[in-house]
Amino acid sequence: QVRLVESGGGLVQAGGSLRLSCAASGGIFSNRMMGWFRQAPGKEREFAASISRGGGTTYYADSVKGRFTISRDNAKKSVYLRMNSLVPEDTATYYCGRAVYSGDVYSGDPSDFGSWGQGTQVTVSS
């Protein structure tokens with residue numbers, strides 16, 4: 001089984017930055033797209049960003065485009081999310097997931113990802 005562990009969350013002021021990490025173990029990492037999703041209290045889990053198997057193509061939700069950058073290091077079996085210019089609306093628990101499908105087709109549907117980690121909390125104060 002593939003296991004994912006998120007880290008790097010914390011409390012920051014609006015305008016600040018954080019870098020989230022997701023470390024994989026227990027399986028093949030580079031043969032699936034990876035995605036970052038977030039979930040705020042009382043809301044459903046929503047897509048934030050995803051990256052192709054080789055790291056050459058990225059996708060972003062409109063709400064984070066231009067502020068967040070997703071990357072991956074297949075040698076380290078890790079995926080990252082650099083978050084700049086944070087706003088209070090970014091406050092959520094952030095999860096990384098592994099695509100259940102092969103290839104590099106875009107999907108922003110949480111049901112197309114699995115092996116979720118425990119999540120890491122990001123809180124942005126005004």
Side-chain angles (χ1 to χ4, degrees):
Q1 289 185 312
V2 173
R3 303 174 188 88
L4 302 176
V5 179
E6 302 95 338
S7 62
L11 173 64
V12 297
Q13 293 184 337
S17 299
L18 285 173
R19 189 192 190 219
L20 307 184
S21 298
C22 174
S25 63
I28 300 173
F29 179 75
S30 62
N31 67 343
R32 292 290 188 275
M33 288 187 67
M34 297 292 294
W36 284 98
F37 293 75
R38 62 188 187 180
Q39 187 167 20
K43 301 182 68 177
E44 295 193 51
R45 190 167 299 188
E46 68 174 8
F47 170 78
S50 63
I51 188 166
S52 61
R53 293 169 295 175
T57 305
T58 57
Y59 303 94
Y60 298 95
D62 289 342
S63 57
V64 309
K65 190 173 297 182
R67 301 187 297 118
F68 290 11
T69 303
I70 188 172
S71 61
R72 68 191 295 165
D73 186 336
N74 287 340
K76 296 181 178 179
K77 301 179 71 173
S78 296
V79 61
Y80 309 96
L81 187 68
R82 178 69 183 181
M83 306 184 296
N84 294 327
S85 302
L86 286 163
V87 294
E89 291 74 21
D90 295 320
T91 295
T93 302
Y94 283 71
Y95 301 89
C96 65
R98 182 175 182 265
V100 302
Y101 56 88
S102 300
D104 291 322
V105 176
Y106 163 78
S107 175
D109 189 342
S111 67
D112 286 331
F113 292 77
S115 299
W116 303 104
Q118 82 290 345
T120 186
Q121 178 66 37
V122 172
T123 302
V124 184
S125 62
S126 60

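These numbers come from the heavy atoms of this one structure, side chains and all, not from hydrogens, waters or symmetry mates.
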Distance-only donor-acceptor pairs under 3.5 Å for side chains of residues 48-56, two or more places apart:
residue : atom : partner : partner atom : Å
Ser52   : OG   : Gly56   : N            : 3.2
Ser52   : OG   : Thr57   : N            : 3.0
Ser52   : OG   : Thr57   : O            : 3.4
Arg53   : NE   : Asp104  : OD1          : 3.1
Arg53   : NE   : Asp104  : OD2          : 3.4
Arg53   : NH2  : Asp104  : OD2          : 3.3

Side-chain donor-acceptor contacts of residues 9-20 below 3.5 Å, not counting sequence neighbours, with atom names and distances?
residue : atom : partner : partner atom : Å
Ser17   : OG   : Asn84   : OD1          : 2.8

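Residues Phe47 and Tyr59 come closest through the heavy atom pair CZ-O, 3.7 Å. Of all heavy-atom pairs spanning Gly108 and Pro110, the tightest one is O-CD, 3.5 Å. The heavy-atom pair separating Asp73 from Tyr80 by the smallest distance is CB-CE1, 4.1 Å. Residues Cys22 and Met34 share a closest heavy-atom pair of SG-CE, 4.5 Å. Residue Gly103 comes nearest to Met33 through the heavy atom pair O-CG, 3.6 Å, listed as atom of the first residue, atom of the second, then distance.
Taking 4.5 Å as the limit, every side-chain heavy atom of Ser71 sits out of range of all side-chain heavy atoms of Arg82. Phe68 is listed as a side-chain neighbour of Leu86, based on a closest heavy-atom distance under 4.5 Å.
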Between Ser107 and Asp112, is a side-chain hydrogen bond (donor to acceptor under 3.5 Å, both in side chains) present by the stated rule, with each step listed?
CA-CA 7 Å; Ser107 175; Asp112 286 331; 2.5 Å; yes
Show the numbers, then the answer: is there a side-chain contact (heavy atoms from CB on, under 4.5 Å) between Ile70 and Arg72?
CA-CA 7 Å; Ile70 188 172; Arg72 68 191 295 165; over 6 Å; no
Go through the steps for Tyr94 and Leu81 under the test side-chain contact (heavy atoms from CB on, under 4.5 Å), then give the verdict.
CA-CA 10 Å; Tyr94 283 71; Leu81 187 68; 4.2 Å; yes
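When the side chain to side chain contact (heavy atoms under 4.5 Å, CB included) test is applied to Gln39, the partners found at least two apart in sequence or on another chain are Arg45, Tyr95. For Val2, the side chain to side chain contact (heavy atoms under 4.5 Å, CB included) partners are Leu4, Arg98, Ser115, not counting sequence neighbours. For the side-chain hydrogen bond (donor to acceptor under 3.5 Å, both in side chains) test, residues two or more places apart in sequence or in another chain that qualify with Thr123 are Gln121. The side chain to side chain contact (heavy atoms under 4.5 Å, CB included) search around Val5 returns Gln118, not counting sequence neighbours. With sequence neighbours excluded, no residue satisfies salt bridge (charged side-chain N to carboxylate O under 4.0 Å, His left out) with Arg3.
Residue pairs meeting the ring pair (Phe, Tyr, Trp, His ring centres under 6.0 Å) criterion with at least one partner in residues 9-33, sequence neighbours excluded, do not occur; the list is empty. Listed by first and then second residue, the salt bridge (charged side-chain N to carboxylate O under 4.0 Å, His left out) pairs that reach into residues 85-97 are Arg38-Asp90, Arg67-Asp90, sequence neighbours excluded. Identified under the salt bridge (charged side-chain N to carboxylate O under 4.0 Å, His left out) test for residues 117-126, with sequence neighbours left out: none. Within the structure, no pair that satisfies the disulfide bond (SG atoms under 2.5 Å apart) test touches residues 48-77, not counting sequence neighbours.
Atom CZ of Phe113 is separated from atom CH2 of Trp36 by 12.5 Å, given to the nearest 0.5 angstrom. With rounding to the nearest 0.5 angstrom, the OG atom of Ser102 is 3.5 Å from the CZ atom of Arg32.
Summarising the hydrophobic clusters (Ile, Leu, Val, Met, Phe, Trp, Tyr; side-chain heavy atoms under 4.5 Å, direct or chained), the residues clustered with Val87 are none.
In this structure, Val124 is not a member of the same hydrophobic cluster as Phe37, with clusters built from ILVMFWY side-chain heavy atoms closer than 4.5 Å.
In this structure, Lys43 contributes its side chain and Ala92 its backbone to no donor-acceptor pair below 3.5 Å.
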